[in-house]
Amino acid sequence: MKLATWNVNSLKVRLPHLVDWLDAAQPDVMCLQETKLEDGKFPGAELEAAGFQAAFAGQKTYNGVALLARAAPQDVAVAIPRFADEQKRVAAATVGDTRVICLYAPNGQAVGSDKYAYKLRWYAALRDWLADELARHPRLAVLGDLNIAPEDRDVHDPKAWEGQVHCSEPERAAFRALLALGLQDAFRLFEQPEKSFSWWDYRVVAFRRNAGLRIDHILLSKELATQCVACSIDKAPRKLERPSDHTPVVAELRS
DNA sequence: ATGGCGCGCGCAGCGCGA
(Lines give C-alpha, C1' and ligand atoms only; values in the text may rest on other atoms or scores of the structure.)
Protein backbone atom coordinates (compact mmCIF):
# COMPACT_ATOMS: atom_id res chain seq x y z
CA MET A 1 0.00 0.00 0.00
CA LYS A 2 1.26 3.42 -0.99
CA LEU A 3 0.37 6.46 1.15
CA ALA A 4 1.11 10.03 0.12
CA THR A 5 0.62 13.59 1.31
CA TRP A 6 0.81 16.86 -0.60
CA ASN A 7 0.01 20.45 0.28
CA VAL A 8 -1.31 21.56 -3.12
CA ASN A 9 -1.86 25.26 -2.28
CA SER A 10 -5.22 25.47 -4.08
CA LEU A 11 -6.75 22.25 -5.39
CA LYS A 12 -8.43 24.23 -8.17
CA VAL A 13 -5.15 25.53 -9.55
CA ARG A 14 -3.18 22.34 -8.93
CA LEU A 15 -5.77 19.80 -10.14
CA PRO A 16 -3.90 19.06 -13.42
CA HIS A 17 -0.64 18.51 -11.51
CA LEU A 18 -2.44 16.31 -9.03
CA VAL A 19 -4.17 14.15 -11.63
CA ASP A 20 -0.87 13.67 -13.49
CA TRP A 21 0.91 12.81 -10.26
CA LEU A 22 -1.76 10.30 -9.18
CA ASP A 23 -1.49 8.64 -12.58
CA ALA A 24 2.29 8.40 -12.39
CA ALA A 25 2.75 7.55 -8.71
CA GLN A 26 -0.31 5.31 -8.26
CA PRO A 27 -0.85 5.86 -4.52
CA ASP A 28 -3.63 4.01 -2.71
CA VAL A 29 -4.25 6.90 -0.31
CA MET A 30 -3.56 10.57 -1.01
CA CYS A 31 -3.82 13.29 1.64
CA LEU A 32 -4.18 16.88 0.42
CA GLN A 33 -3.87 20.17 2.27
CA GLU A 34 -4.70 23.80 1.51
CA THR A 35 -7.44 22.84 -0.93
CA LYS A 36 -8.92 26.33 -0.41
CA LEU A 37 -12.28 25.16 -1.76
CA GLU A 38 -15.76 25.11 -0.32
CA ASP A 39 -17.16 21.57 -0.28
CA GLY A 40 -19.62 22.45 -3.06
CA LYS A 41 -16.70 23.19 -5.37
CA PHE A 42 -14.77 19.99 -4.64
CA PRO A 43 -13.69 18.35 -7.93
CA GLY A 44 -15.19 14.98 -7.03
CA ALA A 45 -15.97 13.93 -10.60
CA GLU A 46 -12.44 14.60 -11.84
CA LEU A 47 -10.92 12.66 -8.95
CA GLU A 48 -13.39 9.83 -9.37
CA ALA A 49 -12.32 9.64 -13.01
CA ALA A 50 -8.75 9.35 -11.70
CA GLY A 51 -9.88 6.38 -9.60
CA PHE A 52 -10.41 7.94 -6.19
CA GLN A 53 -13.17 8.49 -3.71
CA ALA A 54 -12.78 11.37 -1.29
CA ALA A 55 -13.49 12.49 2.23
CA PHE A 56 -12.97 16.23 2.54
CA ALA A 57 -13.50 19.29 4.66
CA GLY A 58 -13.07 22.61 2.94
CA GLN A 59 -13.67 26.30 3.32
CA LYS A 60 -13.35 29.36 1.14
CA THR A 61 -9.88 30.90 0.65
CA TYR A 62 -8.01 29.21 3.50
CA ASN A 63 -7.10 25.74 4.77
CA GLY A 64 -9.11 22.74 3.63
CA VAL A 65 -8.09 19.07 3.52
CA ALA A 66 -9.03 16.01 1.50
CA LEU A 67 -8.36 12.30 1.84
CA LEU A 68 -8.46 10.36 -1.42
CA ALA A 69 -8.63 6.57 -1.53
CA ARG A 70 -9.28 3.89 -4.11
CA ALA A 71 -11.63 2.16 -1.66
CA ALA A 72 -14.44 4.19 -0.11
CA PRO A 73 -13.30 6.01 3.05
CA GLN A 74 -15.20 4.75 6.12
CA ASP A 75 -15.88 6.29 9.54
CA VAL A 76 -14.98 9.77 8.37
CA ALA A 77 -14.11 12.47 10.92
CA VAL A 78 -13.37 16.07 9.96
CA ALA A 79 -12.37 17.64 13.26
CA ILE A 80 -10.41 16.96 16.41
CA PRO A 81 -13.05 15.85 18.94
CA ARG A 82 -13.79 18.33 21.74
CA PHE A 83 -11.59 21.00 20.11
CA ALA A 84 -13.73 23.85 18.85
CA ASP A 85 -12.23 25.11 15.59
CA GLU A 86 -13.73 26.88 12.58
CA GLN A 87 -10.67 26.06 10.50
CA LYS A 88 -10.80 22.96 8.32
CA ARG A 89 -7.58 21.13 9.06
CA VAL A 90 -8.54 17.50 9.63
CA ALA A 91 -9.89 14.64 7.52
CA ALA A 92 -9.70 11.14 8.97
CA ALA A 93 -11.04 7.90 7.59
CA THR A 94 -10.60 4.17 7.68
CA VAL A 95 -9.41 2.72 4.39
CA GLY A 96 -9.52 -1.05 4.37
CA ASP A 97 -7.89 -2.07 7.66
CA THR A 98 -5.90 1.15 8.09
CA ARG A 99 -6.85 4.34 9.89
CA VAL A 100 -5.59 7.41 8.01
CA ILE A 101 -5.50 10.95 9.38
CA CYS A 102 -4.85 13.87 7.03
CA LEU A 103 -3.71 17.07 8.76
CA TYR A 104 -2.98 20.67 7.91
CA ALA A 105 -1.36 22.04 11.05
CA PRO A 106 -1.57 25.77 11.79
CA ASN A 107 1.33 27.85 10.48
CA GLY A 108 1.90 29.78 13.70
CA GLN A 109 2.99 32.99 11.94
CA ALA A 110 5.51 34.13 14.55
CA VAL A 111 6.65 32.90 17.94
CA GLY A 112 4.62 34.68 20.61
CA SER A 113 1.72 35.61 18.32
CA ASP A 114 -1.91 34.60 18.86
CA LYS A 115 -1.57 32.23 15.90
CA TYR A 116 1.44 30.61 17.53
CA ALA A 117 -0.56 30.03 20.73
CA TYR A 118 -3.35 28.53 18.62
CA LYS A 119 -0.82 26.24 16.94
CA LEU A 120 0.38 24.90 20.29
CA ARG A 121 -3.22 24.48 21.56
CA TRP A 122 -4.08 22.64 18.34
CA TYR A 123 -1.11 20.32 18.82
CA ALA A 124 -2.05 19.59 22.44
CA ALA A 125 -5.56 18.62 21.34
CA LEU A 126 -4.16 16.60 18.45
CA ARG A 127 -1.88 14.65 20.78
CA ASP A 128 -4.78 13.69 23.05
CA TRP A 129 -6.91 12.64 20.09
CA LEU A 130 -4.14 10.58 18.49
CA ALA A 131 -3.62 8.77 21.80
CA ASP A 132 -7.27 7.65 21.59
CA GLU A 133 -7.01 6.82 17.90
CA LEU A 134 -3.89 4.71 18.47
CA ALA A 135 -5.65 2.79 21.23
CA ARG A 136 -8.47 1.99 18.82
CA HIS A 137 -6.45 1.53 15.63
CA PRO A 138 -3.10 -0.28 15.82
CA ARG A 139 -2.76 0.38 12.08
CA LEU A 140 -2.64 4.20 12.16
CA ALA A 141 -1.04 6.56 9.64
CA VAL A 142 -0.88 10.32 10.19
CA LEU A 143 0.01 12.35 7.12
CA GLY A 144 0.13 16.02 6.34
CA ASP A 145 1.64 19.44 6.40
CA LEU A 146 2.57 19.52 10.08
CA ASN A 147 4.34 22.89 9.77
CA ILE A 148 7.18 21.79 12.03
CA ALA A 149 10.77 21.03 11.03
CA PRO A 150 11.51 18.44 13.72
CA GLU A 151 15.31 18.68 13.77
CA ASP A 152 18.09 20.96 12.55
CA ARG A 153 18.84 18.57 9.69
CA ASP A 154 15.34 19.35 8.41
CA VAL A 155 16.29 23.02 7.93
CA HIS A 156 18.48 24.48 5.17
CA ASP A 157 20.01 27.07 7.49
CA PRO A 158 19.50 26.04 11.12
CA LYS A 159 21.31 29.12 12.43
CA ALA A 160 19.02 31.51 10.57
CA TRP A 161 15.92 29.56 11.63
CA GLU A 162 16.95 28.95 15.24
CA GLY A 163 14.01 29.66 17.52
CA GLN A 164 11.86 30.83 14.59
CA VAL A 165 8.36 29.55 13.94
CA HIS A 166 8.43 25.96 12.56
CA CYS A 167 11.70 25.34 14.42
CA SER A 168 11.06 26.66 17.93
CA GLU A 169 11.55 24.32 20.86
CA PRO A 170 7.85 24.25 21.90
CA GLU A 171 6.89 23.22 18.37
CA ARG A 172 9.57 20.55 18.23
CA ALA A 173 8.42 19.32 21.64
CA ALA A 174 4.87 19.08 20.25
CA PHE A 175 6.21 16.98 17.36
CA ARG A 176 8.17 14.73 19.72
CA ALA A 177 5.03 14.32 21.84
CA LEU A 178 3.39 12.65 18.83
CA LEU A 179 6.37 10.31 18.46
CA ALA A 180 6.15 9.54 22.19
CA LEU A 181 2.65 8.14 21.59
CA GLY A 182 4.27 5.42 19.53
CA LEU A 183 4.32 7.03 16.10
CA GLN A 184 7.43 6.96 13.93
CA ASP A 185 8.65 9.45 11.35
CA ALA A 186 8.54 7.26 8.23
CA PHE A 187 11.11 9.38 6.41
CA ARG A 188 13.71 8.72 9.09
CA LEU A 189 13.21 4.97 9.03
CA PHE A 190 15.55 5.02 6.03
CA GLU A 191 18.85 6.55 4.99
CA GLN A 192 18.06 9.79 3.18
CA PRO A 193 19.96 12.35 1.15
CA GLU A 194 21.29 15.28 3.18
CA LYS A 195 19.29 18.49 2.90
CA SER A 196 16.01 16.75 2.12
CA PHE A 197 13.14 19.23 2.25
CA SER A 198 9.44 19.29 1.35
CA TRP A 199 8.80 23.05 1.13
CA TRP A 200 10.62 25.94 -0.51
CA ASP A 201 9.53 29.57 -0.36
CA TYR A 202 8.19 30.97 -3.63
CA ARG A 203 10.19 34.09 -2.90
CA VAL A 204 13.96 34.43 -2.93
CA VAL A 205 14.36 31.67 -5.55
CA ALA A 206 14.44 29.21 -2.67
CA PHE A 207 13.98 26.03 -4.68
CA ARG A 208 16.97 26.69 -6.91
CA ARG A 209 19.12 27.21 -3.80
CA ASN A 210 17.47 24.24 -2.04
CA ALA A 211 16.68 26.68 0.78
CA GLY A 212 13.84 24.61 2.21
CA LEU A 213 12.33 22.96 5.24
CA ARG A 214 11.05 19.44 5.83
CA ILE A 215 7.63 20.13 7.30
CA ASP A 216 5.42 17.60 5.48
CA HIS A 217 5.44 14.29 7.28
CA ILE A 218 4.18 10.72 7.42
CA LEU A 219 3.93 9.25 10.91
CA LEU A 220 3.26 5.54 11.31
CA SER A 221 2.17 3.41 14.24
CA LYS A 222 4.57 0.64 15.23
CA GLU A 223 2.62 -1.96 13.29
CA LEU A 224 2.70 0.09 10.09
CA ALA A 225 6.31 1.18 10.58
CA THR A 226 7.30 -2.47 10.67
CA GLN A 227 5.72 -2.88 7.24
CA CYS A 228 7.17 0.31 5.75
CA VAL A 229 9.70 -0.46 3.02
CA ALA A 230 10.33 3.03 1.61
CA CYS A 231 9.66 6.71 2.23
CA SER A 232 10.72 9.54 -0.05
CA ILE A 233 10.09 13.10 -1.13
CA ASP A 234 9.20 13.60 -4.80
CA LYS A 235 10.69 16.91 -5.93
CA ALA A 236 9.51 16.58 -9.53
CA PRO A 237 6.21 18.51 -9.18
CA ARG A 238 8.08 21.48 -7.67
CA LYS A 239 9.85 21.91 -11.04
CA LEU A 240 6.62 22.29 -13.05
CA GLU A 241 5.04 25.54 -14.23
CA ARG A 242 3.03 27.17 -11.43
CA PRO A 243 4.03 24.59 -8.83
CA SER A 244 2.79 24.25 -5.28
CA ASP A 245 5.45 25.42 -2.83
CA HIS A 246 5.31 21.93 -1.26
CA THR A 247 6.17 18.54 -2.73
CA PRO A 248 4.56 15.14 -2.20
CA VAL A 249 5.92 12.76 0.43
CA VAL A 250 5.30 9.05 -0.14
CA ALA A 251 5.52 5.96 2.02
CA GLU A 252 5.22 2.40 0.81
CA LEU A 253 3.99 -0.41 3.04
CA ARG A 254 4.54 -4.09 2.42
CA SER A 255 1.10 -5.68 2.01
C1' DA B 1 17.71 36.67 -0.05
C1' DT B 2 11.01 37.16 4.26
C1' DG B 3 9.50 43.96 0.13
C1' DG B 4 11.00 40.46 -3.72
C1' DC B 5 5.89 34.88 -4.83
C1' DG B 6 1.48 32.75 -5.41
C1' DC B 7 -3.20 32.28 -4.15
C1' DG B 8 -8.12 33.83 -3.16
C1' DC B 9 -11.25 37.35 -3.46
C1' DG B 10 -12.99 40.30 -6.57
C1' DC B 11 -11.81 44.01 -9.59
C1' DA B 12 -7.72 47.11 -6.13
C1' DG B 13 -4.99 45.82 -3.28
C1' DC B 14 -4.76 43.17 0.88
C1' DG B 15 -4.39 38.92 4.04
C1' DC B 16 -2.04 34.96 4.38
C1' DG B 17 1.29 31.35 3.90
C1' DA B 18 6.17 29.46 6.07
Side-chain angles (χ1 to χ4, degrees), chain A residues 5-18 21 31-43 56-66 85-90 102-123 126 143-175 187 195-217 233 235 237-249:
Chain A
T5 179
W6 192 6
N7 180 324
V8 290
N9 186 18
S10 171
L11 181 52
K12 185 176 128 188
V13 172
R14 227 66 64 198
L15 187 59
H17 288 188
L18 174 64
W21 193 86
C31 295
L32 304 174
Q33 301 87 35
E34 288 207 81
T35 56
K36 298 185 176 179
L37 283 176
E38 288 174 301
D39 289 348
K41 297 186 175 175
F42 190 81
F56 50 87
Q59 64 187 96
K60 196 192 277 191
T61 310
Y62 303 118
N63 309 314
V65 287
D85 194 354
E86 297 296 308
Q87 303 185 25
K88 304 300 187 188
R89 300 184 174 278
V90 175
C102 169
L103 299 173
Y104 174 50
N107 173 297
Q109 195 180 49
V111 174
S113 67
D114 289 349
K115 288 176 183 170
Y116 182 79
Y118 161 66
K119 183 176 190 173
L120 295 181
R121 279 202 315 279
W122 187 90
Y123 262 100
L126 175 67
L143 302 89
D145 176 357
L146 298 187
N147 265 322
I148 297 173
E151 301 177 55
D152 278 354
R153 61 177 165 163
D154 302 312
V155 181
H156 70 97
D157 184 348
K159 259 283 191 280
W161 281 85
E162 187 177 2
Q164 301 298 309
V165 73
H166 300 94
C167 304
S168 72
E169 187 44 38
E171 290 166 275
R172 287 179 168 177
F175 186 90
F187 191 73
K195 301 185 183 301
S196 286
F197 307 125
S198 66
W199 168 86
W200 299 261
D201 201 316
Y202 284 122
R203 299 163 288 188
V204 304
V205 206
F207 186 64
R208 209 172 64 198
R209 298 183 295 124
N210 196 29
L213 303 175
R214 190 175 72 93
I215 53 178
D216 300 270
H217 302 290
I233 294 170
K235 287 170 78 167
R238 190 63 174 78
K239 300 169 185 169
L240 300 172
E241 288 288 316
R242 294 183 85 192
S244 168
D245 43 355
H246 296 250
T247 53
V249 183

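Only heavy atoms go into these numbers, but all of them, side chains included; no hydrogens, no water, no symmetry mates. Throughout, protein chains are lettered first and strands after them, A, B, ... in sequence-line order, and every chain is numbered starting at 1.
Remark: side-chain polar atoms of A:Glu38 are not paired, donor with acceptor, to backbone N or O of A:Lys60 under 3.5 angstrom. Of the possible donor and acceptor atoms, none in the side chain of A:Gln33 sits under 3.5 Å from a partner among the backbone N and O of A:Tyr104. The closest donor-acceptor contact from the side chain of A:Ser198 to the backbone of A:Thr247 lies at 3.5 Å or more, if one exists at all.
Here B:dT2 is the nucleotide among B:dA1, B:dT2, B:dC7 with the atom lying nearest to any side-chain atom of A:Asp201. Side-chain proximity of A:Arg203 to the nucleotides B:dG17, B:dA1, B:dG8 is greatest for B:dG17. Here the side chain of A:Lys36 is nearest to one of B:dA1, B:dC16, B:dC7, namely B:dC7. For A:Arg209, the listed nucleotide lying nearest its side chain is B:dA1; candidates were B:dC9, B:dA1, B:dC5.
With rounding to whole Å, A:Lys115 atom NZ is found 4 Å from B:dG17 atom P. The distance between atom NZ of A:Lys60 and atom C1' of B:dC16, rounded to the nearest whole Å, is 16 Å. Here the C1' atom of nucleotide B:dC16 and the CD atom of A:Glu34 are 9 Å apart, to the nearest Å. Taking atom OH on A:Tyr62 and atom P on B:dG15, their separation rounds to 9 Å, with Å as the unit. For the pair A:Glu38 CD and B:dC9 P, the computed distance is 7 Å after rounding to whole Å. Atom CH2 of A:Trp199 and atom C1' of B:dC7 are 15 Å apart (whole Å). For the pair A:Trp200 CH2 and B:dT2 P, the computed distance is 18 Å after rounding to whole Å. In this structure, CG of A:Asn7 is placed 9 Å from C1' of B:dG17, rounded to the nearest angstrom.
Across all strands shown, A:Trp161 has heavy atoms under 4.0 Å from base atoms, whether or not it also approaches the sugar-phosphate. Within the 4.0 angstrom heavy-atom criterion, no nucleotide atom of any strand lies near A:Asp157. Residue-level contact check: A:His156 touches neither bases nor backbone, having no heavy atom under 4.0 Å from any strand. Within 4.0 Å (heavy atoms only), A:Tyr104 reaches sugar-phosphate atoms of the nucleic acid but no base atom.
The residue from A:Val155, A:Asn147, A:Asp201 that alone fulfils the side chain to side chain contact (heavy atoms under 4.5 Å, CB included) condition with A:Leu213 is A:Val155.
For the C1' atoms, the distance from B:dG4 to B:dC9 is 22 Å, rounded to whole Å. Here, B:dG10 and B:dC5 have their P atoms 24 Å apart, quoted to the whole Å. Atom name P, nucleotides B:dG17 and B:dA12: the rounded distance is 26 Å, in whole Å. The same atom, P, is picked in B:dC14 and in B:dA1; the two are 27 Å apart, to the nearest Å. The separation of B:dG15 from B:dG3, taken at their P atoms, amounts to 16 Å, rounded to a whole angstrom. Rounded to whole Å, the P atom of B:dG8 lies 25 Å from the corresponding atom of B:dT2.
Both A:Lys41 and A:His246 lie close to DNA chain B; mapped to their nearest nucleotides by heavy-atom distance, the more 5′-ward contact belongs to A:Lys41.
A close approach under 4.0 Å does not occur between any side-chain nitrogen or oxygen of A:Arg14 and OP1 or OP2 of B:dG6.
By the neighbour-count criterion of 12 heavy atoms within 6.0 Å, atom CD of A:Glu86 is sparsely surrounded, having that number or fewer from other residues, nucleotides or ligands.
Shown here, B:dC9 forms a base pair with B:dG13; the pair counts as Watson-Crick or G-U wobble because both key distances fall under 3.5 Å.
Salt bridge present: A:Asp152 and A:Arg172 bring a charged side-chain N and a carboxylate O closer than 4.0 Å.
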